[in-house]
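I have placed the structure first, in the form of structure tokens, so that the comments after it can refer back to it.
Keep in mind that this is a model prediction, so the values were computed, not measured.
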Amino acid sequence: MELVEERSFSRSGKHAVRRLVLVVSKEGVREPEATRVRTKPLYARGEAYLLKDVKVGEGEYLVQASFVRNIKGHVRGTIEVYTGDGALVYRAVYRKLKVRRSMGDPKYAWIVQRVVEHLKLPVKRMNLGYGR
């Protein structure tokens, strides 16, 4: 499975993107062990890496968190949860300081909560699909 880590911003500095790859388990959140290949970033300034052969143990999940900051300073993005074999099992969106389930089984919502706590994202409200 190939995922992208990126930190780049536009020439004017008004737009920025940040993509992270994390490995989440019951014990906590950690950086993945993988081979990094430099690739072209979305915006003109910054850097991006393609992660190949990401090692995931038993009971661990891969998380791709992607965030974009616009000209007004508002941040929006997605948090996607993958199993070790690369299947997308859960997606949450982050908009207006709220995290909401977009697709997937709510039993994976705890992974998104761990990532939000680890990244210290400012959140007013979370709707991860527990109420169903």
Donor-acceptor pairs under 3.5 Å, side chain of residues 12-21 to any protein atom, not counting sequence neighbours: which ones?
from: S12; atom 1: OG; to: S10; atom 2: OG; distance (Å): 3.3
from: S12; atom 1: OG; to: K14; atom 2: N; distance (Å): 3.4
from: R18; atom 1: NH1; to: E6; atom 2: O; distance (Å): 3.3
from: R19; atom 1: NE; to: E6; atom 2: OE1; distance (Å): 3.4
from: R19; atom 1: NH2; to: E6; atom 2: OE1; distance (Å): 3.4

Quick one: side chains of residues 41-49, donor-acceptor pairs under 3.5 Å with protein atoms, not counting sequence neighbours, listed by atom name and distance.
from: R45; atom 1: NH1; to: R11; atom 2: O; distance (Å): 3.4
from: E47; atom 1: OE1; to: Y49; atom 2: OH; distance (Å): 3.4
from: Y49; atom 1: OH; to: R38; atom 2: NH1; distance (Å): 3.0

Which donor-acceptor pairs under 3.5 Å do the side chains of residues 111-121 make with protein atoms, sequence neighbours left out?
from: Q113; atom 1: OE1; to: Y130; atom 2: OH; distance (Å): 3.4
from: R114; atom 1: NH1; to: S25; atom 2: O; distance (Å): 2.8
from: R114; atom 1: NH1; to: K26; atom 2: O; distance (Å): 2.9
from: R114; atom 1: NH2; to: K26; atom 2: O; distance (Å): 3.2

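Grouping the Ile, Leu, Val, Met, Phe, Trp and Tyr side chains by contacts below 4.5 angstrom, directly or via other members, places L97 with V75. Tracing side-chain contacts under 4.5 Å through hydrophobic residues (I, L, V, M, F, W, Y), one reaches V29 starting from V89; they form part of the same cluster. Clustering ILVMFWY residues whenever any of their side-chain heavy atoms sit less than 4.5 angstrom apart, transitively, puts V56 in a cluster other than the one holding V4. Residue V99 is not grouped with residue V68 when hydrophobic side chains (ILVMFWY) are merged at heavy-atom distances under 4.5 angstrom, including chains of intermediate members.
Contact check for V123 versus K98: no side-chain heavy atoms found under the 4.5 Å cut-off. Annotation: side chain of V63 is in contact with side chain of I79 (closest heavy-atom distance under 4.5 Å). Residues V93 and T78 meet the side-chain proximity criterion, which asks for heavy atoms closer than 4.5 Å. The closest side-chain heavy-atom distance from V23 to L62 is below 4.5 Å.
Among residues at least two apart or in separate chains, side-chain hydrogen bond (donor to acceptor under 3.5 Å, both in side chains) pairs with a member in residues 85-97 are E80-R91, T83-D85. Applying the side-chain hydrogen bond (donor to acceptor under 3.5 Å, both in side chains) test to pairs two or more places apart or on separate chains, those with a residue in residues 50-71 are R30-E60.
Cluster partners of I71, using a side-chain heavy-atom cutoff of under 4.5 Å among ILVMFWY residues and allowing indirect links: none.
Minimum heavy-atom separation, L128 to A92: CD2-CB, 4.5 Å. Contact between P32 and V54 at its shortest, heavy atoms only, is CB-CG1, 3.8 Å.
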